[in-house]
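First up is the structure itself, then whatever we jot down about it.
Heavy atoms only: backbone and side chains are in, while hydrogens, waters and symmetry mates are out. Positions are given from 1 along the sequence.
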Amino acid sequence: MSTVTDTSHRAGPREWLGLAVLALPTLLLSIDVSVLHLAVPHISEGLNPSAAQMLWIIDIYGFLIAGFLVTMGTLGDRIGRRKLLLIGAAAFGVASVAAAYANGPAQLIAARAALGIAGATLMPSTLALISNMFRDARQRGVAIAIWITMFSVGIALGPVVGGAMLEFFWWGSVFLLGVPIMALLLVAGPVLLPEYRDAQAGRIDPASVALSLATILPVIYGLKEIANDGVSVPPLLILVAGLAVGVVFVRRQRAVASPLLDFRLFGNPAFRTSLVTLLLCMLVAGGTYLFVTQYLQLVGGLSPMKAGLYLLPAAFALIVTSVVSPIAASKFRPAYVVAVGLGVSALGHVMLALADSTSGIAQVVTGFAFVYAGGGPLIALGTDIVVGSAPPEQAGSAAAMSETSTELGMALGVAVLGSVATAVYRGGVDVPAGVPDGAGDTLAGALKAAKDLSSDVAAAFVDSGRAAFTDGMNVIGVIGALLALGTAVLVAVVIKSPPTGAAGEMAESPVEPAEQPAS
């Protein structure tokens, strides 16, 4: 790959102020993820959703983001990336209000779906605008590092801010966090952000959009139902149908002139290895975060505020390793830096696998900090590895695939690992007589049902539920450790990119002809 560093267009004060504006959606999306998991017990108590409905409340957001990311990237190329960003910000604000005031599980699921579609407009638009605004390769590297670090900052702020709101307000208040952030983006965006369009952008293929969603949603739904209720014909048929549609989707992408996904990129071993690593590691992160936040509250008995404070070490560890990783990657192969980080994550997962339900808070907090510390290098360097593995003219498509892999991994983690751990819980909890059907399907439901039982029966029920829930988290820890070690070896062996600070740094040359600024 030829290396060209554009020094003729160095970013000025307006671009750096614009970067601060572009960091807002990243901050919001990371806060939203952490806050939602913290609010799960309160949503369970306030809306009384079933176990399946709760999983959909959590993961439909990620599913639709993953499904629409590439589509929205293409749409931004056509109508203008700033315009799409502002439209998405307005829609996200409206959907946040709808989620905050939902009065039933179905309404909250619908609002979360709208948030997912709106969220899909934000990430590709911000990354594309950063690439347009920072033409100098070194400045662009700093800008992307700052942008990614904001994700870590949001992870740190989310539990504290969300915990405080849950301490003093109702569960819906956490969704209102997005409203002032989106309002600030709508005010500052038109002033500080330039507009860019791709004059040669391909046409959006509606059939490809429909096929991508018809692949993702049935597959996840089938896996969830199998994990919840065991293997049966209906979920198997749904799962097979989704896979069959996936085959049609792949064939169409290879046939149409302007595909949503260019599958020729997967011929590059480093490219596909990086995407698989992002997918698997974010899958584990999604499931782990969901159960650790519930463990601290439902098993450890912490208030939302205290649970948020106990999550701070992990968030700060993520910030530190995200910042340090690009420095390390300037001296060592980025793949080695990522592999070492995954090894640290594996150690954290082992600690989670060995935690118990009576004295495990300190161990869980420490293990979770190791998991997040080890994930920092992957978050900081993963997108660069993916983009650097692709030809310069396909860097935008590669970045969109990286975002899709990350979002889909988080959604799959909640769906698959959440379902596995829920199945473990249900197989281990001892539900006493007199408890209504379904009341013991979740630990939050069991704790609520225990209030109506005699003290001795309630204590035994609660102890059984907490032990079963911890068993489910232990299983997630084992799966996470195995996946982290396996992907660490895979990354170290397959990806051969040199240190980013070496002669001929791995920065793609800007593709100018098709990129045209628009006022």
Side-chain angles (χ1 to χ4, degrees), residues 37-55 57-58 105 163 166-167 171 224 226-230 287-308 310-311 349-368 414 417-479:
H37 290 318
L38 201 64
V40 163
H42 302 268
I43 295 174
S44 295
E45 183 175 355
L47 298 182
N48 196 29
S50 66
Q53 285 175 323
M54 178 54 72
L55 284 176
I57 288 171
I58 296 169
L166 290 170
E167 196 84 17
W171 61 264
K224 284 174 50 182
I226 290 173
N228 283 336
D229 303 321
T288 301
Y289 192 92
L290 171 64
F291 274 78
V292 166
T293 53
Q294 292 186 76
Y295 177 95
L296 294 177
Q297 296 178 81
L298 302 179
V299 179
L302 300 179
S303 67
M305 182 66 178
K306 289 183 178 179
Y310 272 75
L311 292 173
H349 285 297
V350 170
M351 296 182 70
L352 294 178
L354 298 176
D356 58 47
S357 61
T358 57
S359 60
I361 289 183
Q363 184 169 328
V364 168
V365 170
T366 304
F368 192 54
V414 172
L417 295 185
S419 296
V420 169
T422 297
V424 173
Y425 166 81
R426 290 179 178 174
V429 65
D430 185 11
V431 181
V435 174
D437 291 340
D441 285 353
T442 65
L443 180 54
L447 294 176
K448 184 176 181 180
K451 296 177 181 179
D452 298 326
L453 303 175
S454 64
S455 58
D456 292 342
V457 175
F461 184 25
V462 168
D463 289 343
S464 173
R466 286 173 171 166
F469 184 91
T470 305
D471 289 342
M473 188 183 71
N474 295 155
V475 171
I476 291 178
V478 172
I479 295 172

Hits for side-chain contact (heavy atoms from CB on, under 4.5 Å) against Ala467, two or more places apart or cross-chain, chain-then-number order -> Ser357

Contacts of type side-chain contact (heavy atoms from CB on, under 4.5 Å), residue Val350, not counting sequence neighbours: Leu354, Ala481

If you apply the rule side-chain contact (heavy atoms from CB on, under 4.5 Å), what do you find for Phe368 with Tyr310, and how did you get there? CA-CA 10 Å; Phe368 192 54; Tyr310 272 75; over 6 Å; no

Between Tyr425 and Ala446, which heavy-atom pair has the shortest distance, and what is it? OH-CB, 3.5 Å

Work out which heavy atom in Gly418 is nearest to a heavy atom in Phe291; give both atom names and the distance. CA-CE1, 3.7 Å

Report yes if the side chains of Val365 and Leu296 come closer than 4.5 Å at any heavy-atom pair, otherwise no. yes

Keeping the roles fixed (side chain from Gln297, backbone from Ala307), state whether a donor-acceptor pair exists under 3.5 Å. no

Using a 3.5 Å cut-off and no angle test, enumerate the donor-acceptor pairs between side-chain atoms of residues 469-477 and protein atoms at least two apart in sequence or in another chain.
| residue | atom | partner | partner atom | Å |
| --- | --- | --- | --- | --- |
| Thr470 | OG1 | Arg466 | O | 2.8 |
| Asn474 | ND2 | Leu352 | O | 2.9 |
| Asn474 | ND2 | Ala353 | O | 3.2 |
| Asn474 | ND2 | Ala355 | O | 3.2 |
| Asn474 | ND2 | Thr470 | O | 3.3 |

Once rounded to the nearest 0.5 Å, what's the spacing between atom OG1 of Thr422 and atom CG of Leu417? 10.5 Å

With side-chain contact (heavy atoms from CB on, under 4.5 Å) as the criterion, how do Met54 and Ile43 come out once you've worked through the C-alpha distance, each side chain's angles and the decisive distance to 0.1 Å? CA-CA 8 Å; Met54 178 54 72; Ile43 295 174; 3.7 Å; yes

Shortest non-hydrogen contact from Ser464 toward Gly428: OG-O, 3.8 Å

Does Leu290 offer a backbone N or O that forms a donor-acceptor pair with the side chain of Thr293 under 3.5 Å? yes

By side-chain contact (heavy atoms from CB on, under 4.5 Å), which residues pair with Pro105, not counting sequence neighbours? Leu47, Pro49, Gln53

Do Phe461 and Leu447 have side chains that approach each other closer than 4.5 Å (heavy atoms only, starting at C-beta)? no

Might you work through the side-chain contact (heavy atoms from CB on, under 4.5 Å) test for Gln294 and Leu443, ending with a clear yes or no? CA-CA 9 Å; Gln294 292 186 76; Leu443 180 54; over 6 Å; no

Go through Ile361 and Tyr295 one step at a time and tell me if the side-chain contact (heavy atoms from CB on, under 4.5 Å) criterion holds. CA-CA 8 Å; Ile361 289 183; Tyr295 177 95; 4.3 Å; yes

